[in-house]
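Sequence lines set the chain letters: A, B, ... in the order given, protein chains first and strands last, and positions in each chain run from 1. Values reported hereafter were calculated over all heavy atoms of this structure, with side chains retained and with hydrogens, waters and symmetry mates removed.
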Protein chains: 2
Amino acid sequence: MTMNTPKPNPPKRADQIAKSLEDMIFQGEFADGDRLDEQRLAERFGTSRTPVREALQKLSVSGLVAQIPQRGVFVQQPGPVELMEMFEVMAELEAVCGRFAAIRITDEALDQLRHANQLCQQAVDEGDTDGYYFHNEDFHRIIYSQSGNRFLEQEARRLSRRLRPFRRIQLRLRGRMRQSLDEHLAVVQALTDSDPEGAGNALRDHVAVQNEKFHHLMNSFEDRGSAPEKARAERPEGGSRRRA
Amino acid sequence: MTMNTPKPNPPKRADQIAKSLEDMIFQGEFADGDRLDEQRLAERFGTSRTPVREALQKLSVSGLVAQIPQRGVFVQQPGPVELMEMFEVMAELEAVCGRFAAIRITDEALDQLRHANQLCQQAVDEGDTDGYYFHNEDFHRIIYSQSGNRFLEQEARRLSRRLRPFRRIQLRLRGRMRQSLDEHLAVVQALTDSDPEGAGNALRDHVAVQNEKFHHLMNSFEDRGSAPEKARAERPEGGSRRRA
DNA sequence: CCGGTGCAGATTGTATACAATCTAATTGAC
DNA sequence: GTCAATTAGATTGTATACAATCTGCACCGG
């Protein structure tokens, strides 16, 4: 056994297509009710329809697209309400991670958090929004990880990824980066003190503010810009009404 | 427009296969590392490999199976640790639902909760485990719904469904049904009092106890039964280690 | 002029065919 | 006799072909 290369993982298959489509949807490359044409995507990716279909199946499970049986798949961009709801859940998930982490976090991880914050500070000084955005994500992921609950970590990362593009926007608000950094410091303080409630509340507020700022920003856009009056393309399934 | 039949949804396609496979996995019809053979499943469902493959793609997103690029898909039954983690998250999700619901719940929903509890009581009196199991689920779903957050409701239902088979087991413990019902009453009381923290804590504890009882039961099985020493079939990817 | 029927094009869903890769068994060498 | 390499079978991944359904327009009748 010279070099087992534990997972040489033959690079992969074409659910790279799924990743690509996911990114494209996140990037806002498609509007809310757009139909994703299999054939079009197939030639766009230089493959046949088969891998594209499989990718679309995956996306439909994630809720990024909706599949209407004999019609096609349609992208599902979250509306303002859904977005608010997702941010609310994100805040609670982060709070839980923080509560758990306050008890379980290692000194090493605490140092990593402080280091991430230093990099954030640097980004603030340089006005580097992208840099802040990046190291901020690091900061939060460390906390997810230190919750000591892999499943929770996964879920938190999943939702965080989904909200990523929307989180990014609010950082551009004047003074938001510095404020965010201050909130990070409060989180680290509570974690250092092994204060579960403190850490949880600090993180919940931190995310809740993001949500607030984001919506504030969106409203200001709507006020001065054109009314977005999106002709929502017949959402296939609104809510699961169920009569008990 | 006589009868638009809003969703005549040609109720077909072969992600019924996905549903079926999901149920089969939940039912424990497959062991942990089992490979799901496309061809076998195809003839089992009377179709070609194509729909089966699409179903498997979906399952892989849900995390019920793991896909190893050129080898096949393998069922992923949660181990004891993962299960504990999932219950822990479930407890926290329920707690959040309870906190939200305490403020937002309607009187009508409160009545529904009491009604569900009556049916639970009846099931306890009759020793009807299945009945209790069913109405218990109703009880919890009402609370999810009353959180006033559709996204949260969805997530809670998703995880609840995943844990369903494991939750069921612990009900068979002596006196567990009655205890569970008492906990339900405490939840309703807190919700009636519009006490967010009380409702959250009551629900968290309620679920945490389920977890505890479940593991207690599993351990007793292991003690008297054969050592399960499952030769875990090389979990494809343990954790995503990432060096920043 | 308006509404319904039917047909043509297009698109999704399924089946089959083919290429690439992996598994494992046989065979050969040390 | 044991270990390694090669080769045959099986299985996954992709492409293509075909069937079923839907969309929209033209045509026809009232």
Side-chain angles (χ1 to χ4, degrees), chain A residues 1-21 30 33-61 64-76 231 233-237, chain B residues 1-21 30 33-61 64-76 231 233-237:
Chain A
M1 296 244 186
T2 54
M3 245 301 202
N4 197 356
T5 54
K7 255 95 196 191
N9 254 358
K12 287 144 218 155
R13 312 171 299 106
D15 56 6
Q16 303 174 310
I17 296 181
K19 276 275 181 214
S20 295
L21 283 177
F30 300 106
D34 286 4
R35 192 174 68 88
L36 293 181
D37 189 277
E38 298 178 0
Q39 208 156 335
R40 242 185 155 70
L41 293 173
E43 55 194 39
R44 196 177 188 295
F45 284 104
T47 71
S48 88
R49 276 174 51 215
T50 310
V52 173
R53 275 187 66 83
E54 297 193 348
L56 291 179
Q57 301 284 341
K58 288 191 177 230
L59 294 189
S60 81
V61 175
L64 273 69
V65 302
Q67 205 172 36
I68 306 183
Q70 227 78 358
R71 306 255 179 78
V73 302
F74 302 82
V75 322
Q76 291 270 73
E234 190 201 349
R235 199 159 280 260
E237 186 73 21
Chain B
M1 295 238 187
T2 54
M3 244 304 202
N4 198 355
T5 55
K7 254 93 197 188
N9 251 358
K12 34 191 148 24
R13 284 194 335 123
D15 57 4
Q16 302 174 315
I17 296 181
K19 275 278 180 212
S20 296
L21 284 177
F30 301 106
D34 287 3
R35 191 174 68 88
L36 292 181
D37 189 278
E38 297 178 359
Q39 208 157 336
R40 242 187 153 69
L41 293 173
E43 55 194 39
R44 196 179 188 296
F45 284 103
T47 72
S48 88
R49 276 174 51 216
T50 311
V52 173
R53 275 187 67 83
E54 297 193 348
L56 291 178
Q57 301 283 341
K58 287 189 179 238
L59 294 188
S60 81
V61 175
L64 274 68
V65 302
Q67 206 172 37
I68 306 183
Q70 227 80 358
R71 306 258 178 76
V73 302
F74 302 83
V75 323
Q76 290 270 73
E234 187 200 352
R235 201 159 278 260
E237 186 72 21

J.: Excluding sequence neighbours, so at least two apart, what forms salt bridge (charged side-chain N to carboxylate O under 4.0 Å, His left out) with A/Arg40?
T.: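 For A/Arg40, no residue satisfies salt bridge (charged side-chain N to carboxylate O under 4.0 Å, His left out) once neighbours in sequence are set aside.
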J.: Name all residues meeting the side-chain hydrogen bond (donor to acceptor under 3.5 Å, both in side chains) criterion together with A/Ser48; count only those two or more places apart in sequence or in a different chain, and write none if there are none.
T.: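 Only A/Thr50 meet the side-chain hydrogen bond (donor to acceptor under 3.5 Å, both in side chains) criterion with A/Ser48.
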J.: Assign a letter to each nucleotide of nucleotides 11-18 of chain D from its 5' end: B, base within under 4.0 Å of a protein heavy atom; S, sugar-phosphate only; -, no contact.
T.: SBBBBB--
J.: Applying side chain to side chain contact (heavy atoms under 4.5 Å, CB included), can you list everything that pairs with A/Ser20, at least two apart in sequence or on another chain?
T.: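 Side chain to side chain contact (heavy atoms under 4.5 Å, CB included) list for A/Ser20, sorted by chain: A/Phe45.
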J.: Under the salt bridge (charged side-chain N to carboxylate O under 4.0 Å, His left out) rule, collect the residues that match up with A/Glu38, sequence neighbours excluded.
T.: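 A/Glu38 satisfies salt bridge (charged side-chain N to carboxylate O under 4.0 Å, His left out) with A/Arg49, A/Arg53 only.
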J.: Restricting to side chain to side chain contact (heavy atoms under 4.5 Å, CB included), what partner residues turn up for A/Val61, sequence neighbours left out?
T.: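 For A/Val61, the residues satisfying side chain to side chain contact (heavy atoms under 4.5 Å, CB included) (neighbours in sequence not counted) are B/Lys58, B/Val61, B/Ser62.
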